[in-house]
Amino acid sequence: MLRSIAMTHKRPVIYVNQVGGDDSLIFDGASMAVTADGKVAAQALAFEEDLVLFERKPAKVSFIRSRRRD
C-alpha cells in the first residue's frame with residue numbers, strides 16, 4: 001500500500017508506528033521510509049524499540065540505524 005501511494009503521487013512516504021501494547025491493541029513498530037519510486041529506503045525493527053535516522057537528498061537516499069540499548 002505505501003509503495004503504491006509513493007509511486008502514484010511520485011513522492012516519498014514516511015510511515016511511523018509505535019511499539020508495544022495499549023489495552024487490547026498491539027503495535028508492531030516496523031516504521032519505514034519509501035522512496036518516490038516505491039523502494040523501501042529504511043525500515044525499523046518489528047516488535048522491538050528501534051531508532052532509524054533517514055536523510056533524503058535530491059540525488060541520494062541514506063539511512064543510519066541506531067539501536068537503543070538500556
Please report, to 0.1 Å, the donor-acceptor pairs under 3.5 Å made by any side chain of residues 15-33, with sequence neighbours excluded.
| residue | atom | partner | partner atom | Å |
| --- | --- | --- | --- | --- |
| Asn17 | ND2 | Asp28 | OD1 | 2.9 |
| Asn17 | ND2 | Gly29 | O | 3.4 |
| Ser31 | OG | Asn17 | N | 2.8 |
| Ser31 | OG | Asn17 | O | 3.2 |

Practice task
Starting from Met7, walk the hydrophobic network (Ile, Leu, Val, Met, Phe, Trp, Tyr; side-chain heavy atoms closer than 4.5 Å) and list everyone else you reach, by chain and number.
Solution key: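 None; Met7 is a cluster of one.
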Pair listing, salt bridge (charged side-chain N to carboxylate O under 4.0 Å, His left out) test, anchored in residues 6-16, at least two apart: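 Sorted result for residues 6-16: empty, none.
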message: For Asp37, give me all partners under side chain to side chain contact (heavy atoms under 4.5 Å, CB included), at least two apart in sequence or on another chain.
response: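 For Asp37, the residues satisfying side chain to side chain contact (heavy atoms under 4.5 Å, CB included) (neighbours in sequence not counted) are Thr35, Lys39.
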